[in-house]
Structure formats: C-alpha cells, structure tokens
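Letters A, B, ... mirror the listed sequences (proteins, then strands); counts begin at 1.
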There are 2 protein chains.
Amino acid sequence: MKLNERHLMLLAAVVDAGGVSEGAALLGLTQPAVSRALVMLEARVGEPLFQRGRRPLRPTPLGAQLAAHGRTILAASREASSTVSGFVRGTKGTVRVGGVPFFIDAMISTMIAGFLTLEPDVNVRLSYGNTPEMAKALEGDQIDLAIVPIGLTDATPGFDFTEILPGRNVVACRAGHPLARQRRLQAADLKGFPWVAPLPGSPLLTDLHSILVGMGLPEFDIRFSGGSLMAVLNYMAGSDALTILPFSVVFSQRLENRIASLPFDIPQPQRALGILRRRNAPKNPVAERFAAHIVQSFDELKHLIKRHENAVVWGR
Amino acid sequence: MKLNERHLMLLAAVVDAGGVSEGAALLGLTQPAVSRALVMLEARVGEPLFQRGRRPLRPTPLGAQLAAHGRTILAASREASSTVSGFVRGTKGTVRVGGVPFFIDAMISTMIAGFLTLEPDVNVRLSYGNTPEMAKALEGDQIDLAIVPIGLTDATPGFDFTEILPGRNVVACRAGHPLARQRRLQAADLKGFPWVAPLPGSPLLTDLHSILVGMGLPEFDIRFSGGSLMAVLNYMAGSDALTILPFSVVFSQRLENRIASLPFDIPQPQRALGILRRRNAPKNPVAERFAAHIVQSFDELKHLIKRHENAVVWGR
DNA sequence: TGATCAATATACCATTCTGTTATGAAGCTG
DNA sequence: CAGCTTCATAACAGAATGGTATATTGATCA
C-alpha cells in the first residue's frame with residue numbers, strides 16, 4: 001500500500017487548517033486541486049479519511065493518523081528548504097575542521113566557541129593531526145579545512161593556503177623558573193635543565209632538535225615527550241623543564257600565569273600557521289565563514305599581541 | 001526554495017544505497033528516472049549534491065544533509081503505509097473507550113491490559129462517565145465505544161447496543177461482617193447499619209434508594225457517597241457499612257477477600273451492561289476488535305462465575 | 001596509454017499527475 | 001426557504017514521471 005507523499009502533505013494541511021479551502025490557501029493551491037488529491041488518496045487507501053457531509057470537516061481516526069505522518073513529511077520538506085537556504089548563506093550545516101593539536105587546544109578551540117555563539121545552527125566536527133595527515137584528509141574529503149603550519153616556500157598544487165600567523169618560537173618555562181628573572185641569557189645558561197619534546201611528527205620537534213644542536217647542546221636531556229598541550233603545560237608548571245613553543249601558544253596562556261617565555265633568541269622557522277583547503281573541494285559556505293572567522297580572530301590576536309608587547313616595553 | 005519531496009526521497013535512497021543504479025533498484029525504478037530526478041533537484045538547489053566524476057559516488061555536505069531529510073520523508077511514508085494496513089487489519093491505531101466508573105475499574109481495565117498485550121501497536125484512550133454523557137460523547141465522535149448499563153427496553157435509534165452482562169445487584173459488605181455469617185437474612189437484619197452510596201448519576205444510586213424504600217427502611221443512613229470503586233472498597237473494608245454493587249464487581253474482588261455479598265434477595269434491575277456504539281460511526285477496526293475482545297472476556301467471566309457458583313453449592 | 005567495463009547522463013516518447021477555471025451539489029444560517 | 005459558504009466534479013493545459021535506447025564518462029588493467 002504505497003501512498004503518495006504529496007497527498008499526505010495535503011491531507012495534513014487540510015486537517016490542520018480545518019477545511020479543504022483553508023488548507024489549499026495554506027499551501028498556495030486552489031481548492032479543487034486539493035479536493036481531488038484527497039479523493040485520490042481516499043481511493044488509494046480504500047477507507048474514508050473525513051466524515052463526509054459534516055460541515056466542520058472532521059477527519060476519521062485513520063485520516064487523523066495519516067495526517068500526522070503528512071505533517072512530519074511537510075516538516076521535513078520545510079527543514080530541507082531551510083537547510084538549503086541556510087547552506088548558501090553559510091548559517092547552517094557542518095564544518096569539519098582539522099588541525100595540529102597545540103594550536104587547536106591553545107587558540108582554535110576558543111575561536112570555535114566564538115563562532116558557534118555567532119552561528120547557532122552550525123556544527124563543528126574537529127579532528128587532530130599533523131600537516132601531512134591533514135592534507136590527506138582534505139584530499140579524501142574527510143575535512144573541509146585544516147589549520148596547520150606550512151613552510152613558506154612549499155606551495156602544494158591543488159591546495160589553497162591562507163596564512164594567518166607567522167611562525168615564531170620561543171623557549172618556554174614555568175612562571176617563577178630560576179632563568180625567568182634574568183634579562184639576557186646565553187646558551188650556556190640553559191645547560192643542565194631538562195627539555196620537554198612535543199608530539200612526534202610536529203615540526204616543533206625538529207625545531208627543538210636543530211636549535212639545541214645549533215646551541216651547542218648536543219647531549220640535551222629529554223625527560224618528557226608526546227604530551228598534549230594540557231599535559232605539557234601541567235608538566236611544565238610542576239618542573240623546571242624547558243621547551244620550545246610557538247609564541248602565540250605561550251601568549252594564549254598569559255592569564256593563567258603558569259608559563260613564561262625566556263628572553264633568549266633562537267632561530268625562527270620559515271613557516272607560518274594557516275588555513276589549508278583543497279582547491280576544488282565541494283562548496284561549503286559554512287567552512288568559508290568559519291575560515292573567515294578564524295582569520296579575523298587571528299587578526300585580533302595579532303593586535304592584542306602588539307599592544308601587549310608595547311605595554312611590556314613601556315613598563316620597563 | 002521549495003523542494004520536491006519525491007526528489008528528496010530518491011536522494012536519500014541513492015545516498016544510502018551508494019549509487020544511482022542501486023538506489024533506483026531499491027525503489028523499484030530504473031536508473032535513468034532516478035538520475036534525472038537528481039539532476040532536477042540539483043538544478044533547483046543550485047548547488048552540487050554529489051562529487052561529480054568520482055566513481056564511488058559521494059554526496060557533498062549539502063547532499064548528505066538533504067538526504068537525511070529525504071530519509072525522514074521516506075520513513076514517514078512507510079509509516080503511513082503501515083498505518084493503513086494496520087488499520088484495516090485492526091492491529092494499529094487508537095480506540096477511544098468510555099465507560100461507567102465501577103465496571104471500568106473492576107473489570108474493563110484488566111481486559112484492556114489483556115487486549116494491549118495481544119495488540120502491541122494499539123493505543124487505548126479511556127474516559128469515564130455515566131450513560132447519558134457517554135451517548136453524547138459517541139454522538140460527538142469523542143469516543144469509539146462506551147461500556148455502559150442500559151435498560152433492556154429502551155433501544156435508542158442510531159445506536160447499536162451489544163449486551164455483555166445482565167444486570168444483577170447484590171448487597172455487599174466487608175469480609176467478616178457480622179451479617180456475613182448468617183444463612184438467611186430478613187430486611188429487619190439490615191437495620192442499623194450505615195449505607196454507602198455510589199457516584200451520583202449512577203443507576204446504582206436509584207436502585208439503592210428504591211430497594212431500601214421497598215425494604216421498609218425509609219430512614220436509612222448514608223454516611224459515605226460519591227467515591228470511586230477503590231474508595232468505596234477501601235471504606236467498606238474498614239467499616240460495617242453496606243452497599244449495593246453489581247455482582248460481577250463483587251466477584252472481581254474475590255481474590256482480595258475484602259468484601260462479600262450477603263445472602264439477601266433484592267429486586268433486580270431490568271438492565272444490562274453492554275457496548276454502546278454509534279450506528280454510522282466512521283469505521284475503526286481496532287474498536288471492533290476491542291469490542292470483540294471485551295465480549296469474549298465477559299463470556300469467559302460468565303463461565304468463571306458459573307463454575308464458581310457450582311463449586312460454592314457443592315462445597316456446602 | 002589505450003581498450004574495456006561499469007556506471008551515470010541524455011534523448012525521446014507515452015502516460016500519469018497536477019493545477020487551473022467553470023460549474024454543480026450540499027450543508028449551514030438567518 | 002433563500003442565500004451563503006464550502007466541497008466535489010468536469011474539462012483541459014502543462015508539467016512530471018517513468019520507461020527504453022544510447023551516448024558519455026571514470027576506473028581498471030594489460
């Protein structure tokens with residue numbers, strides 16, 4: 001007993017409106033069109049759906065039940081329409097975001113919160129990974145965009161890269177660390193402190209190695225590695241260990257007052273954090289709006305950093 | 001942006017089946033029909049719904065979302081079909097039952113439980129009232145059937161009345177009542193005990209009055225009235241009060257061993273409990289099945305009563 | 001890199017459905 | 001009972017749906 005879905009919708013409208021004419025008006029149709037559809041549905045069902053010959057049109061029990069199903073179809077149809085218009089406006093849908101763990105945890109997560117507050121009908125699905133995995137995920141359409149660090153020189157074909165923050169690493173330690181008081185540090189001063197290494201695969205790890213070797217500290221002491229940002233921060237706060245972190249990550253923790261950056265110059269990577277997207281990915285306006293929000297948030301962050309640094313300089 | 005619901009369903013089938021041909025087969029259509037519907041839907045939406053030119057057909061984010069709505073429509077449509085076939089078989093739907101309080105509470109409620117156990121997809125909506133209200137409710141299509149007592153002589157036009165139990169009243173008291181031990185009672189024996197009167201409007205009330213007056217007990221003492229069956233039974237169990245109850249109601253309480261009927265003959269009403277239905281009510285097979293179940297349950301009850309009475313006679 | 005295979009898209013046609021206007025039939029109201 | 005309102009039906013135009021036949025396009029493999 002296959003029923004015509006349009007007929008069920010018309011039935012729902014008629015039952016809800018309390019009359020054939022009213023239901024037709026509700027749907028922007030004429031009364032005969034609806035009337036005939038009801039007759040056809042009734043014929044298909046083989047049972048009366050209305051109490052015929054009663055002026056306040058009243059559905060039979062079966063009619064009322066079928067109307068309920070018609071109502072859900074009608075609702076789903078409206079939802080679908082709203083999904084489409086929400087999609088083209090970028091105010092409805094899902095963004096699948098990938099990113100490197102430290103930046104996601106330190107800053108992107110907060111920015112996601114800001115975005116979702118602005119866009120209540122949007123979902124964000126987050127996943128973690130380093131740049132190569134993220135590129136693969138973009139390729140396979142598992143994510144819409146990735147927030148990753150990329151070398152400034154290597155432009156990958158088929159991908160768009162929007163730079164949002166130049167790479168800038170600092171040596172970080174806990175607030176109140178013995179080295180934190182000094183104004184200028186030599187490589188030799190860092191000797192004797194253990195080091196924390198980030199997740200394997202992270203460019204920070206190679207940065208750390210090259211910097212330490214370049215500093216003439218070939219036999220450095222790595223006691224903790226592989227932790228997430230929160231794990232690293234917690235460990236740092238409870239020890240005198242040193243590590244390499246992006247300055248922005250250290251900056252994002254300034255209100256917690258748990259870690260500080262040391263006044264020690266290290267070679268900077270030719271790398272920038274940015275948004276990586278596949279060039280001919282299926283259009284997803286929400287993803288574009290999300291990317292725009294991330295770019296804007298980082299602009300604000302950069303201004304904040306600038307103001308903060310000026311304040312620090314003046315404060316001295 | 002009004003979308004075609006059929007197209008949404010086809011989309012859902014194609015996405016779920018993982019291909020146009022498979023989706024078409026799923027729906028019993030040919031591949032070109034489905035293919036064209038998708039093209040039309042895409043044109044209407046104005047955005048791609050599939051990653052074109054990828055062999056394992058993959059929907060775009062928007063396509064996937066619309067497919068979800070299509071799935072809802074498809075499910076509602078199937079539900080509607082099942083509602084129809086369930087309706088004609090009488091295995092799905094709602095019975096709106098009305099009835100007089102004492103019988104509903106004493107027996108019908110248990111029978112409803114039995115019916116709903118047999119018919120897991122059926123709903124029962126119960127309402128209470130005396131015969132005139134129930135007739136009005138039938139008239140106004142608020143209920144499908146009423147279980148009420150009706151005088152054997154008055155056949156109301158426009159209604160069908162199916163007798164299920166002849167009227168038979170007894171004088172009831174608590175188990176262990178001083179009068180319960182005696183073999184034969186005179187009217188005078190009942191003097192001095194207070195009486196419980198049922199809900200106003202109940203025929204039992206007029207029965208009670210006429211019986212008491214006929215017994216020569218004009219100044220009887222009514223200390224409690226208007227309670228539901230449970231209220232009356234609880235009160236009776238805690239007092240030496242007497243009341244008039246249908247024998248079947250007393251019988252239904254036999255396992256509780258809280259009340260008993262007195263061996264005292266009273267005039268019986270020319271009345272029977274039965275199922276009242278409007279003659280030209282909209283067809284509702286569930287209601288018919290329910291009525292049949294009630295009739296059958298009462299048949300079983302009558303046999304039970306007969307066996308029970310024989311046992312009592314033999315026991316003496 | 002072609003040749004081949006499998007799946008999708010398109011063309012074309014018959015049929016059904018949908019929607020409109022015009023009009024008849026039936027119930028409610030005063 | 002007349003008049004009003006609402007629903008049902010008739011007739012027709014246009015759109016849609018669904019089918020067969022066929023072209024096109026990726027994917028696969030030698």
Side-chain angles (χ1 to χ4, degrees), chain A residues 2-45 47-60 63 67 70 73-74 77 139-141 158 280 282, chain B residues 1-45 47-60 63 67 70 73-74 77 139-141 280 282:
Chain A
K2 173 83 180 61
L3 304 177
N4 185 322
E5 292 75 21
R6 169 168 295 125
H7 292 173
L8 291 173
M9 293 193 295
L10 300 197
L11 174 66
V14 167
V15 168
D16 290 349
V20 177
S21 312
E22 296 87 330
L26 206 71
L27 296 165
L29 297 176
T30 57
Q31 170 265 320
V34 176
S35 177
R36 187 171 34 146
L38 292 182
V39 170
M40 291 168 78
L41 181 60
E42 238 171 18
R44 186 101 193 77
V45 168
E47 301 283 340
L49 303 175
F50 288 95
Q51 314 240 39
R52 293 310 161 114
R54 284 256 166 266
R55 276 307 290 105
L57 204 58
R58 201 210 301 275
T60 62
I73 295 179
L74 211 51
S77 175
E139 200 83 72
D141 194 44
N280 55 358
Chain B
M1 175 65 63
K2 173 82 180 61
L3 302 177
N4 184 322
E5 292 75 22
R6 169 168 297 124
H7 291 173
L8 291 173
M9 292 192 296
L10 299 197
L11 174 66
V14 167
V15 167
D16 290 349
V20 177
S21 313
E22 295 88 331
L26 206 70
L27 297 164
L29 296 177
T30 58
Q31 171 265 320
V34 176
S35 177
R36 188 173 34 144
L38 292 181
V39 170
M40 291 169 78
L41 180 60
E42 237 172 19
R44 185 104 194 75
V45 168
E47 302 282 342
L49 303 175
F50 289 96
Q51 314 242 38
R52 293 309 161 115
R54 285 252 166 269
R55 277 310 286 101
L57 204 59
R58 200 209 303 273
T60 62
I73 296 178
L74 212 49
S77 175
E139 198 83 70
D141 194 45
N280 54 358

What residues 7-16 of chain A contributes to the DNA chain C interface at heavy-atom separation below 4.0 Å is A:H7
Whole angstrom value for the distance that separates P of C:dT8 from CG of B:L49: 15 Å
Distance in angstrom units between B:E42 CD and C:dA9 P, rounded: 8 Å
Contacts of B:R36 that satisfy side chain to side chain contact (heavy atoms under 4.5 Å, CB included) - sequence neighbours left out: B:M40
Between C:dC17 (C1') and A:L41 (CG): distance, integer Å: 14 Å
Which is more 5' along DNA chain D, the nucleotide nearest A:L38 or the one nearest A:R6? Just name the residue. A:L38
Would you check, one step at a time, whether the test side chain to side chain contact (heavy atoms under 4.5 Å, CB included) holds for A:L41 with A:L3? CA-CA 7 Å; A:L41 181 60; A:L3 304 177; 4.3 Å; yes
Would B:L29 and B:L10 count as a side chain to side chain contact (heavy atoms under 4.5 Å, CB included) here? Give the steps. CA-CA 10 Å; B:L29 296 177; B:L10 299 197; 4.1 Å; yes
How many Å lie between CG on B:L29 and P on D:dT17, as a whole number? 11 Å
Quick one: label B:R36 by what it contacts on the DNA or RNA (base, sugar-phosphate, nothing), any heavy atom closer than 4.0 Å. base
Does A:S21 place a side-chain N or O at less than 4.0 Å from the phosphate oxygens OP1/OP2 of D:dT6? no
Side chain to side chain contact (heavy atoms under 4.5 Å, CB included), that's the test. Do B:T60 and B:E47 meet it? Break it down for me. CA-CA 9 Å; B:T60 62; B:E47 302 282 342; over 6 Å; no
B:F50 CZ to C:dA9 P, in whole Å, measures 8 Å
Counting only side-chain nitrogens and oxygens, does A:T30 get under 4.0 Å of the OP1 or OP2 atom of C:dT20? yes
Once you round it to whole Å, what is the distance between P of D:dC7 and CD of A:Q51? 15 Å
Checking contacts here: which listed nucleotide (D:dT20, D:dT17, D:dC7) is nearest the side-chain heavy atoms of B:N4? D:dT17
State which residue, out of B:V34, B:L27, B:L49, B:L26, fulfils the side chain to side chain contact (heavy atoms under 4.5 Å, CB included) condition with B:V14. B:V34
Reckon A:S35 has a side-chain N or O less than 4.0 Å from the OP1 or OP2 of D:dC7? no
Specify the separation, in whole Å, of atom CD of A:E5 and atom P of D:dA16. 17 Å
Starting from the 5' end of DNA chain C, give me the residue, B:V20 or A:P32, whose nearest nucleotide shows up first. B:V20
To check you understand the geometry: which heavy-atom pair defines the closest contact between B:G23 and B:A17, and what is its length? N-CB, 3.5 Å
To the nearest Å, how far apart are A:Q31 CD and C:dA25 P? 15 Å
Please list all pairs meeting side-chain hydrogen bond (donor to acceptor under 3.5 Å, both in side chains) that have one or both residues in residues 9-19 of chain A, counting only residues at least two apart or in different chains. A:D16-A:R71
